[in-house]
K.L.:
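Let me begin by handing over the structure; questions about it come next.
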Amino acid sequence: MLYCVHSYIFALMYAQRTLIFLIFLGIGIPVTAQYQWDFGIGIGMSNYLGEIGGEEETRRDFIFDMKLNRTQYVVGGFARYKFSPTLAFNVGANYGRIRANDYNSQNPARVARNLSFRNNIFELTGRAEITLFYDNDVSGKGYYNPDFKIYGFVGAGVMHHNPKVVYYGDLDEFNGEMVELQPLQTEGEEYSKWQFTLPAGIGLYFTHNKVHRFGWEIGYRTTFTDYIDDVSTEYASFEDPNSLAAELANRTTPEALATAAEYAEEFNLDTPNAQSFDPGEKRGDPTNNDGYLFTQFTYSYVVKGRSSFYKRRYNWIKRKSRKRRKSRAKF
């Protein structure tokens with residue numbers, strides 16, 4: 001018990017020292033500084049990194065396996081609080097779509113696998129923005145308009161996702177319908193639609209007339225799930241091989257196998273066969289989680305105001321400058 005108390009006290013002291021260090025290092029607010037809010041919107045493009053699609057090679061890390069021909073959209077809004085010229089905090093919400101298809105790939109195994117998905121992602125994030133470069137007089141003529149800033153950001157967030165696919169098969173009741181994949185457990189695994197994310201990236205903006213802020217940023221989201229595309233481990237076995245889950249788990253067709261054979265010959269790779277997609281065979285790569293990327297053009301409106309400390313400390317300046325009421329001389 002005593003050990004736990006000591007550990008708790010030590011943790012509090014460590015957190016307090018860390019907070020003080022960050023205040024002096026990152027914030028460093030002078031008494032005459034202005035606190036600044038800006039509220040904005042963003043629109044741009046989205047993409048994802050996972051098991052589906054890609055080039056003729058096997059999975060590559062980070063953006064090198066992105067499916068550029070399946071780029072989708074993202075829209076969002078945010079509020080940013082500027083602590084100092086070097087540190088700001090941003091809270092935002094984004095809604096974007098990602099999608100990919102194996103038939104767009106040139107990898108024989110993926111082409112023969114013939115999987116696809118579409119996923120609408122809603123995320124809420126909070127992040128710190130650190131200034132990397134700042135020029136408060138871009139023209140160099142002393143007008144101080146506009147100013148320019150490059151910043152890096154890192155934070156944490158939560159996302160909701162729901163992978164789906166359009167079904168074309170023998171089950172007439174679902175034919176042509178958009179089907180949710182998560183409830184079907186196509187790999188015999190249950191996963192949550194809510195996940196944590198770690199956004200990180202870089203951005204820039206110009207501020208015109210001190211209130212209109214135009215920017216661009218790109219950020220990658222590290223996630224803690226490998227099921228954004230509903231693909232992760234191996235093919236599962238189903239009691240009913242004609243069920244909707246079984247059909248959507250294994251979508252290999254003779255046409256897909258024929259196309260895969262052509263790519264295998266072209267790139268001198270192994271030719272997959274129908275047995276490569278039996279229960280227990282590899283369906284995805286569980287050693288790497290999925291991720292997604294948002295890049296947006298942004299506009300925000302800046303709202304400025306003095307800090308409460310500034311008002312308490314320097315409000316006498318305004319009072320001193322007030323004109324005194326003149327009194328008429330009496331004779």
K.L.:
Leu49 versus Tyr220: any side-chain heavy-atom pair under 4.5 Å?
P.N.:
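A side-chain contact exists here, since the closest heavy-atom pair is under 4.5 Å.
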
K.L.:
Does Asp147 reach the side chain of Phe206, with side-chain heavy atoms less than 4.5 Å apart?
P.N.:
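Of all side-chain heavy-atom pairs linking Phe206 with Asp147, none is under 4.5 Å.
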
K.L.:
Could you check Arg118 against Met178 for side chain to side chain contact (heavy atoms under 4.5 Å, CB included), going step by step and ending with a plain yes or no?
P.N.:
CA-CA 9 Å; Arg118 190 187 83 180; Met178 185 69 70; 3.5 Å; yes

K.L.:
Heavy-atom distance under 4.5 Å between the side chains of Asn120 and Asn162, does that happen here?
P.N.:
no

K.L.:
Between Glu123 and Tyr292, do the side chains contain an N or O donor and an N or O acceptor separated by less than 3.5 Å?
P.N.:
yes

K.L.:
Any donor-acceptor pair under 3.5 Å linking the side chain of Asn273 with the backbone of Ser276?
P.N.:
yes

K.L.:
Same hydrophobic cluster for Met159 and Phe294, using side-chain heavy-atom links shorter than 4.5 Å among ILVMFWY?
P.N.:
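Yes, it is one cluster - the side chains of Met159 and Phe294 are joined through contacts under 4.5 Å.
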
K.L.:
Name the one of Arg113, Arg110, Arg70 that satisfies salt bridge (Lys or Arg N to Asp or Glu O under 4.0 Å) with Asp102?
P.N.:
Arg113

K.L.:
Do Phe78 and Asp38 come close enough that some side-chain heavy atom pair is under 4.5 Å?
P.N.:
yes

K.L.:
Do the side chain of Arg213 and the main chain of Gly40 share a donor and acceptor less than 3.5 angstrom apart?
P.N.:
no

K.L.:
Tell me if the CD atom of Gln275 is crowded by more than 12 foreign heavy atoms within 6.0 Å.
P.N.:
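Check passes, neighbour count above 12.
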
K.L.:
How close do Ala128 and Leu87 get, counting heavy atoms only, and between which atoms?
P.N.:
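Between these two residues, the closest heavy atoms are CB-CD1, 4.4 Å.
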
K.L.:
Would you kindly confirm whether Phe153 and Phe133 end up in one hydrophobic cluster when ILVMFWY residues are joined by side chain heavy atoms under 4.5 Å apart?
P.N.:
no

K.L.:
Could you tell me if the side chain of Thr298 sits less than 4.5 Å from the side chain of Ile41, heavy atoms only?
P.N.:
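No; the side chains remain at least 4.5 Å from each other.
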
K.L.:
For Asn47 and Thr71, what are the C-alpha separation, side-chain angles and deciding distance, and is it a side chain to side chain donor-acceptor pair (under 3.5 Å)?
P.N.:
CA-CA 5 Å; Asn47 213 308; Thr71 298; 3.1 Å; yes

K.L.:
Roughly how far, to the nearest 0.5 Å, is OG1 of Thr259 from OH of Tyr103?
P.N.:
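Separation between the atoms: 12.5 Å.
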
K.L.:
When rounded to the nearest 0.5 angstrom, what distance separates CD in Glu262 from OG1 in Thr271?
P.N.:
11.0 Å

K.L.:
Of all heavy-atom pairs between Asp240 and Ala246, which one has the smallest distance, and what is that distance?
P.N.:
O-CB, 3.7 Å

K.L.:
Is the side chain of Gln195 donor-acceptor paired with the backbone N or O of Ser192 at a distance under 3.5 Å, no angle test?
P.N.:
yes

K.L.:
Ring of Tyr134, cation from Lys149 - is the NZ or CZ under 6.0 Å from the centre and inside 45° of the axis?
P.N.:
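Yes, Lys149 lies over the aromatic ring of Tyr134.
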
K.L.:
Taking Thr207 for the side chain and Lys210 for the main chain, is one N or O donor matched with an acceptor at less than 3.5 Å?
P.N.:
no

K.L.:
In this structure, are over 12 heavy atoms from other groups packed under 6.0 Å from Tyr73 atom OH?
P.N.:
yes

K.L.:
Given side chain to side chain contact (heavy atoms under 4.5 Å, CB included), test Phe267 with Gln106 step by step and report yes or no.
P.N.:
CA-CA 9 Å; Phe267 298 110; Gln106 294 177 308; 3.9 Å; yes

K.L.:
How far apart are the closest heavy atoms of Pro108 and Ala260, and which atoms are they?
P.N.:
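Looking at all heavy atoms of both residues, the shortest contact is O-CB, 3.2 Å.
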
K.L.:
So with a 6.0 Å cut-off around CD of Glu266, is the heavy-atom count from everything else above 12?
P.N.:
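Enclosed: over 12 neighbouring heavy atoms sit under 6.0 Å from CD of Glu266.
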
K.L.:
Determine whether the side chains of Tyr301 and His212 contain a donor N or O and an acceptor N or O closer than 3.5 Å.
P.N.:
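The criterion, which ignores hydrogens and geometry beyond distance, is not satisfied for His212 and Tyr301.
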
K.L.:
Measuring only between side-chain heavy atoms, which start at C-beta, is Pro163 closer than 4.5 Å to Tyr191?
P.N.:
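Result yes, sub-4.5 Å side-chain heavy-atom pair found.
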
K.L.:
Is there a side-chain contact between Leu244 and Phe174 (heavy atoms, below 4.5 Å)?
P.N.:
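Yes - at least one pair of side-chain heavy atoms lies under 4.5 Å apart.
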
K.L.:
Does a donor on one side chain sit under 3.5 Å from an acceptor on the other, for Asn289 and Thr223?
P.N.:
no

K.L.:
How about Thr197 and Arg221: does a side-chain donor come under 3.5 Å of a side-chain acceptor?
P.N.:
no

K.L.:
To the nearest 0.5 Å, how far apart are OG1 in Thr295 and CG in Leu293?
P.N.:
7.0 Å

K.L.:
Please give me the minimum heavy-atom distance between Ser232 and Asp226, naming the atom from each residue.
P.N.:
OG-OD2, 2.7 Å

K.L.:
Would a hydrophobic clustering, with Ile, Leu, Val, Met, Phe, Trp and Tyr connected at side-chain separations under 4.5 Å, put Leu204 with Ile202?
P.N.:
yes

K.L.:
Going by an N to O cut-off under 4.0 Å, is there a salt bridge joining Lys193 and Glu180?
P.N.:
yes

K.L.:
Verify the ring-centre separation between Phe117 and Tyr48: is it less than 6.0 angstrom?
P.N.:
yes

K.L.:
If the test is salt bridge (Lys or Arg N to Asp or Glu O under 4.0 Å), which one of Glu51, Glu187, Glu189, Glu234 qualifies with Arg283?
P.N.:
Glu187

K.L.:
Run the salt-bridge test on Arg127 and Glu217 with the 4.0 Å N-O cut-off and return the result as yes or no.
P.N.:
yes

K.L.:
For a 4.5 angstrom cut-off between non-hydrogen side-chain atoms, does Arg80 reach Tyr205?
P.N.:
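Side-chain contact under 4.5 Å: yes.
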
K.L.:
For Asp170, does the CG atom have more than 12 heavy-atom neighbours from other residues, nucleotides or ligands under 6.0 Å away?
P.N.:
no

K.L.:
Where is the tightest heavy-atom contact between Tyr235 and Asp278, given as atom of each residue plus distance?
P.N.:
CB-O, 3.4 Å

K.L.:
Taking Asn119 as the fixed residue, which of Arg99, His161, Arg97 is the one that meets the side chain to side chain contact (heavy atoms under 4.5 Å, CB included) rule?
P.N.:
His161

K.L.:
Using the benzene-type ring in the case of Trp, are the ring centres of Phe122 and Tyr95 under 6.0 Å apart?
P.N.:
no

K.L.:
When rounded to the nearest 0.5 angstrom, what is the spacing between CG in Asp290 and CD1 in Ile98?
P.N.:
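Separation between the atoms: 7.5 Å.
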
K.L.:
Quick check for you: to the nearest 0.5 Å, what is the distance between Thr252 atom OG1 and Phe277 atom CZ?
P.N.:
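Thr252 atom OG1 to Phe277 atom CZ measures 4.0 Å (nearest 0.5 Å).
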
K.L.:
Determine whether Val231 and Ile52 satisfy the following criterion, side chain to side chain contact (heavy atoms under 4.5 Å, CB included), listing intermediate values before the conclusion.
P.N.:
CA-CA 8 Å; Val231 181; Ile52 296 181; 3.9 Å; yes

K.L.:
Is the closest side-chain donor-acceptor distance between Asn107 and Ser105 under 3.5 Å?
P.N.:
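Checked: Asn107/Ser105 side chains show no N/O donor-acceptor pair below 3.5 Å.
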
K.L.:
For the hydrophobic clusters of this structure (ILVMFWY residues joined by side-chain heavy atoms under 4.5 Å, transitively), does one cluster hold both Leu181 and Ile228?
P.N.:
no

K.L.:
Take atom CD of Glu173 as the centre, draw a 6.0 Å sphere, and report whether it contains more than 12 heavy atoms from other residues, nucleotides or ligands.
P.N.:
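Yes, the 6.0 Å shell around CD holds more than 12 heavy atoms from other groups.
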
K.L.:
Can you tell me if Asn145 uses its side chain to pair, donor with acceptor, with the backbone of Asn209 under 3.5 Å?
P.N.:
yes

K.L.:
Give, for atom OG1 of Thr125 and atom CG of Asn94, the distance between the pair rounded to the nearest 0.5 Å.
P.N.:
6.0 Å

K.L.:
Answer yes or no: are there more than 12 heavy-atom neighbours, outside Asp270 itself, under 6.0 Å from its atom CG?
P.N.:
no

K.L.:
Can you tell me if Tyr167 and Asn175 form a side-chain donor-acceptor pair at under 3.5 Å?
P.N.:
no

K.L.:
Would you name the heavy atoms of Leu171 and Glu247 that are closest together and state the gap between them?
P.N.:
CG-OE2, 3.8 Å

K.L.:
State plainly whether one hydrophobic cluster holds both Ile130 and Phe83, where clusters connect Ile, Leu, Val, Met, Phe, Trp and Tyr through side-chain heavy atoms under 4.5 angstrom apart.
P.N.:
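Linked within one cluster.
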
